[in-house]
Amino acid sequence: MTTTWKITLRILRQKQGETKTSWQDFSLDIDPDETVLDAVERVWAFQDRSLTFRHACHHSTCGACGMRVNNIEKLTCITPIRSVTHNNGMLRIEPLRNFPIVSDLVVDVSHFFQELEIMQAPAVSSNSTANLDYEEVFPDVAEKERLIDCIECGLCVSACPVALTDEAYVGPAALSGLHQALAANALSANLALADNHSGVWRCHSAFECSAVCPSNVEPGYRIMDLRKKLMRKNFHQWFGGKEAGK
Amino acid sequence: MMDKPTILIIGAGFTGCALAYDLTLRGFSVTVVDRGEICSGTSGRTHGLLHSGSRYCVNDPEAAVECIEENTILRRIARQCIEFNNGLFLAISEEELAYKETFKAGAEKCGIPIRWMDKKDILSREPAINPQVLGGFEVPDGSFDPLRLALAFAGSARNRGAIFLPFHQVESIHIDGRSSVDFIILTDRHTGRSIEQHADMVINATGAWAGKIAEMAGVNVPVIPSPGVMVAFEKRMSNYVVNRLSLPGDGDIIIPQRRMSVIGTTSFEVNDADYIPVDQGMVKEMVDRAIEMIPAIARVKIRASYMSARPLIQTGTNARSLSRTFKVFDHETDHGLKGFITITGGKATTCRVMAEKTADLVCEKFAWRKTCQTKDFELDSYRTFYNRQA
Amino acid sequence: MKGSPSPRNFLQWFDPRGRSAGSWGFMLNRITGLGLVLYLAMHMIVLFQLTRGAEAYDSFIQLMKNPIFIIGELLVIAAGIMHGINGIRIGLTSFGIAVRYQLTMLIIAGIISAGGILFFAIHMLGGA
């Protein structure tokens with residue numbers, strides 16, 4: 001009853017400490033409703049045990065399995081094979097961009113997590129503050145709590161053209177983290193962290209972050225909203241008058 | 001004072017990470033190895049239910065008591081990655097309603113605080129629930145982010161000196177002439193190179209794979225990987241964790257998590273847990289069961305379906321009826337092999353106490369007089385696991 | 001380190017594979033911006049011709065009537081229109097205005113730009 005596709009995974013391989021990279025092809029028969037992560041895991045399980053990749057939850061809550069699939073950043077655990085190729089098709093799998101590569105598909109996320117930690121983004125927040133400010137929240141559940149949308153997968157950073165060239169750029173995830181921290185607890189969040197040439201003002205409006213985000217974070221919207229908040233604050237500082245509520 | 005004993009933990013799931021934290025706090029020198037990163041096996045793929053113990057309060061009070069105690073402790077120490085919105089045990093059929101008193105007595109006996117809610121009360125709080133509901137109990141369930149819970153333990157351990165070697169595969173375990181584990185050979189999967197790792201004690205915390213690792217040391221651990229399917233829907237349909245007011249069965253829990261609802265699970269047995277394909281028949285069964293509790297879920301798209309292999313300790317009975325509590329195998333008393341312990345079984349909610357009991361045994365072996373401190377402090381931020389080592 | 005951000009990666013800005021519409025806006029703004037800067041430099045050189053007397057300037061202007069230069073001028077106008085109109089979109093979103101409609105605004109900016117370029121093309125090339 002289930003269909004089977006024959007596909008080729010072309011995976012970018014590299015060992016730690018070696019500069020050489022190479023593409024390696026793996027062909028496999030797979031149900032197209034399985035995910036790209038399933039395909040990668042099958043390669044590891046049945047064809048090549050030396051393949052390294054990050055993964056944990058397999059249902060888009062942990063954010064570990066981000067990769068570039070045919071040049072597009074994907075959270076591979078929720079990307080069905082069907083949605084990215086066809087029968088007898090090929091999938092090019094690469095590690096995320098703009099992160100130091102450790103080996104194969106594993107990237108070093110330490111700097112990325114440190115930036116997020118500096119922003120003091122909470123992992124859990126009330127429904128009313130976890131949702132984007134334009135989203136409707138029913139009053140009955142507003143104070144129930146939930147894990148926030150950002151799963152810290154790094155897809156936005158990989159897709160960002162500015163992050164490609166500027167190592168100092170704080171990046172869409174961390175800026176979104178600050179925006180989330182501000183929503184959850186305006187008093188402890190430090191808006192000044194975004195108000196510099198490596199912060200929100202470095203963004204060049206390609207909106208790729210929002211395009212690839214698998215988890216409704218809308219980093220592009222959040223960065224622009226931070227700019228609005230900063231302009232309002234700075235305007236009041238320069239021209240006197242009372243500072244509007246943050 | 002003697003030198004710090006060195007402990008090597010195999011497996012960076014919930015148990016391995018919590019154990020690393022416990023042992024580090026007690027002053028041991030700890031190294032954790034895993035062939036994946038953190039939570040790359042069963043732990044990462046749990047549905048994320050923080051048990052109140054209610055699920056087991058009738059048929060497995062021992063597990064239930066453990067759960068409610070650990071639930072209370074995690075509320076204190078791991079607040080950072082847990083949604084505490086409580087859970088509901090729904091009576092939808094008359095049969096389930098008849099179970100009310102048995103459940104109530106069980107919960108009371110185990111010390112789980114519960115409260116009866118009538119139909120109107122339930123539907124006003126959770127409008128998506130099946131309107132045929134007859135009533136239900138509110139219990140202190142929660143839901144957590146699997147990776148982040150393990151990272152919080154691992155980060156706290158690492159910040160206090162534990163060494164983590166992710167992507168290191170155990171190749172062989174070597175025993176010296178005195179029947180004691182001497183060293184293990186690892187492959188660093190980043191580089192492909194082999195390394196030899198010595199330790200005063202090796203702890204096998206590989207869950208469903210514990211049998212395979214124990215085999216390398218020449219001992220037998222009766223663990224069978226028992227996978228179950230989980231289905232994540234694209235929409236958060238409730239804020240309470242939704243259960244059925246009956247004995248535990250297949251597909252009877254819907255867990256809200258971020259913007260999703262996750263339903264689980266089933267239970268069967270496999271020999272090898274390295275790759276378990278998703279059984280579409282089971283997915284369909286899960287969807288049908290979810291619709292019984294929340295009818296509107298029929299119109300919600302499935303975001304992911306995945307398999308997770310629990311470690312079930314074999315005692316010759318069928319998988320579901322086994323106690324969900326964990327077991328520590330002391331291979332010195334069991335098989336005359338020194339310096340090797342296996343910890344397996346259990347569940348995410350009880351990972352801290354599993355670590356505590358294992359660490360107690362380790363302390364006994366080394367005559368190391370330190371008691372467990374993991375209840376006392378809030379865990380460090382899970383993000384600090386990724387801090388670059390100074 | 002391999003994979004890390006580096007200014008040398010800038011060529012990848014112009015690799016459209018896998019990228020969304022927003023990146024086209026980003027790419028075009030970079031290209032048109034550079035083009036306009038280049039034109040400004042050339043414009044200064046042209047004005048410099050005035051210092052060499054009326055005759056030199058007239059012969060230079062004669063050269064500019066060549067169709068190739070007319071197409072060049074059209075490109076400058078096209079760059080100006082695209083850069084300017086997309087600039088309005090970016091300016092608005094940077095003030096937090098209509099950020100959720102940035103894609104719609106990009107499409108509208110594209111349509112307006114195409115219309116403007118077409119108008120100038122007919123006007124300038126039609127007479128030739």
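In this structure, no portion of S308(B) lies under 4.5 Å from any heavy atom of chain A. For a residue to count as touching a neighbouring chain, one of its non-hydrogen atoms must lie under 4.5 Å from one of that chain's; by this rule T61(A) touches chain B with backbone and side chain alike. Proximity to chain A is absent for every atom of I302(B), based on heavy atoms less than 4.5 angstrom apart. Of the atoms belonging to D274(B), heavy atoms from both backbone and side chain fall under 4.5 Å from chain A.
No donor-acceptor contact under 3.5 angstrom links the side chains of E152(A) and Y386(B), judged on distance only. Between the side chains of E117(A) and T384(B), no donor N or O sits under 3.5 Å from an acceptor N or O. Side chains of Q257(B) and H59(A): a donor-acceptor N/O pair is present below 3.5 angstrom, by distance only. For the residue pair R388(B) and S110(A), a side-chain donor N or O sits within less than 3.5 Å of a side-chain acceptor on the partner. Between R189(B) and S103(A), the side chains place no donor N or O within less than 3.5 Å of an acceptor N or O (distance only, hydrogens not considered).
Using a 4.0 Å cut-off between charged side-chain N and carboxylate O, R259(B) and D149(A) make a salt bridge.
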Quiz item: Are V109(A) and R383(B) close enough, and set up right, to give a side chain to side chain contact (heavy atoms under 4.5 Å, CB included), and what steps lead you there?
Solution: CA-CA 10 Å; V109(A) 293; R383(B) 294 192 190 106; over 6 Å; no
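In this structure, K144(A) is positioned above the aromatic face of Y240(B), its NZ or CZ under 6.0 Å from the six-membered ring centre and within 45° of the axis.
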